[in-house]
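Heads up, the thing below is written out as structure tokens.
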Amino acid sequence: ASNFAKWNTYPLAGYVVLGSNGEMPYLSEAEKLTYFEAARKLIPPGKLFMAGCGCESAHSTIAQVKKAAALGADVGLLISPSYYKSKMDNAGLTDYYTRVADASPIPVSVYNMPANTGVDMSADLVVKLSQHPNIAGVKDSGGKPSQLCPSHPPTPHGFHGAGRPAGGPLSRPRAGGRRGGAGATRGRGGWGRGPAGRGTGGGGPEGRRGGPGRRGGPRCPPQRPPPG
């Protein structure tokens, strides 16, 4: 509670609760729901509450997102399933995220974290998923700034992107969050409840332990005009 009281004094758009930089994979479902319930009481109105709900199966993820929504979460953050890595191709991941997004009562965000999952989602896959009205954004921690740059087909207006290249200097703002706890986001923008809510602001990923994150963001290489 004291950490939230401190972070709430900063101009943060909101929080990620149960991201991938803590003990989230080792918590039971009851423990996760306890975190969500406690966080909702400490996150002020008007600040985003993004809940880490990704599980290995679509039906388990759907159940988790619905419970998080009932406890007041605004967005479900869905790290990609990874146990059967050879099956996590574009077709498999499209089916997984589409099933969850179709059933979720709140917007969901794709989450690419290959350092932890061993599955690296392609930019083309993210562009395809962005067409779904209830997939509101992507958090990409793959360490490839080029995947966040405008060299790929455009995504719908308002599709939200945040990146934290693994171990690199191009990190987005981040703060707090041990034991898979709360991190901070900036620029809530259009994130909202329900399929119509897409993110348009400059939100950020969940954070490491410590104080408020520094300003930053991916730097894309200069875009050259096509030959001819």
Side chain to side chain donor-acceptor pair (under 3.5 Å) partners for Asn90, two or more places apart | none
Applying the side chain to side chain contact (heavy atoms under 4.5 Å, CB included) test to Leu78, which of Val65, Val110, Ile135 qualifies?
-> Val65
Around atom NZ of Lys85, are there more than 12 heavy atoms of other residues, nucleotides or ligands at under 6.0 Å?
-> yes
Value rounded to 0.5 Å, distance of OG1 in Thr94 from NZ in Lys128 = 4.0 Å
With sequence neighbours excluded, what pairs up with Asp89 under the side chain to side chain contact (heavy atoms under 4.5 Å, CB included) test?
-> Ala91
With distance as the sole test, does Ser104 use its side chain to make a donor-acceptor pair with the main-chain N or O of Ala101 at under 3.5 Å?
-> no
Sequence neighbours left out, what pairs pass salt bridge (Lys or Arg N to Asp or Glu O under 4.0 Å) with at least one residue falling in residues 8-21?
-> none
With sequence neighbours left out, which residue pairs that include part of residues 60-70 fulfil the side chain to side chain donor-acceptor pair (under 3.5 Å) condition?
-> Glu29-Lys67, Ser57-Ser60, Thr61-Tyr96
Residues in side chain to side chain donor-acceptor pair (under 3.5 Å) contact with Asp95, at least two apart in sequence or another chain | Arg99
Using the test side chain to side chain contact (heavy atoms under 4.5 Å, CB included), find all partners of Leu93 that sit at least two apart in sequence or belong to another chain.
-> Ser80, Pro81, Met88, Tyr97, Val119, Met121, Leu125
What are the two closest non-hydrogen atoms of Gly14 and Lys47, and how far apart are they?
-> CA-CB, 4.0 Å
For residues Asn134 and Asp102, is any side-chain donor paired with an opposing acceptor at under 3.5 Å?
-> no
Sorted by chain and residue number, the side chain to side chain donor-acceptor pair (under 3.5 Å) partners of Asn8 (sequence neighbours excluded) come out as Tyr15
Please report the shortest heavy-atom distance between Ser109 and Val75, naming the atom on each side.
-> N-CG1, 4.1 Å
Could you list the residues that satisfy side chain to side chain contact (heavy atoms under 4.5 Å, CB included) with Ser28, not counting sequence neighbours?
-> Ala30, Glu31
Hydrophobic cluster of Tyr84, others only, ordered by chain and residue number, side-chain cut-off 4.5 Å = Tyr83
So salt bridge (Lys or Arg N to Asp or Glu O under 4.0 Å) across residues 49-65, not counting sequence neighbours, yields none
Do side-chain atoms of Asp74 reach the backbone of Phe49 as a donor and acceptor pair under 3.5 angstrom?
-> yes
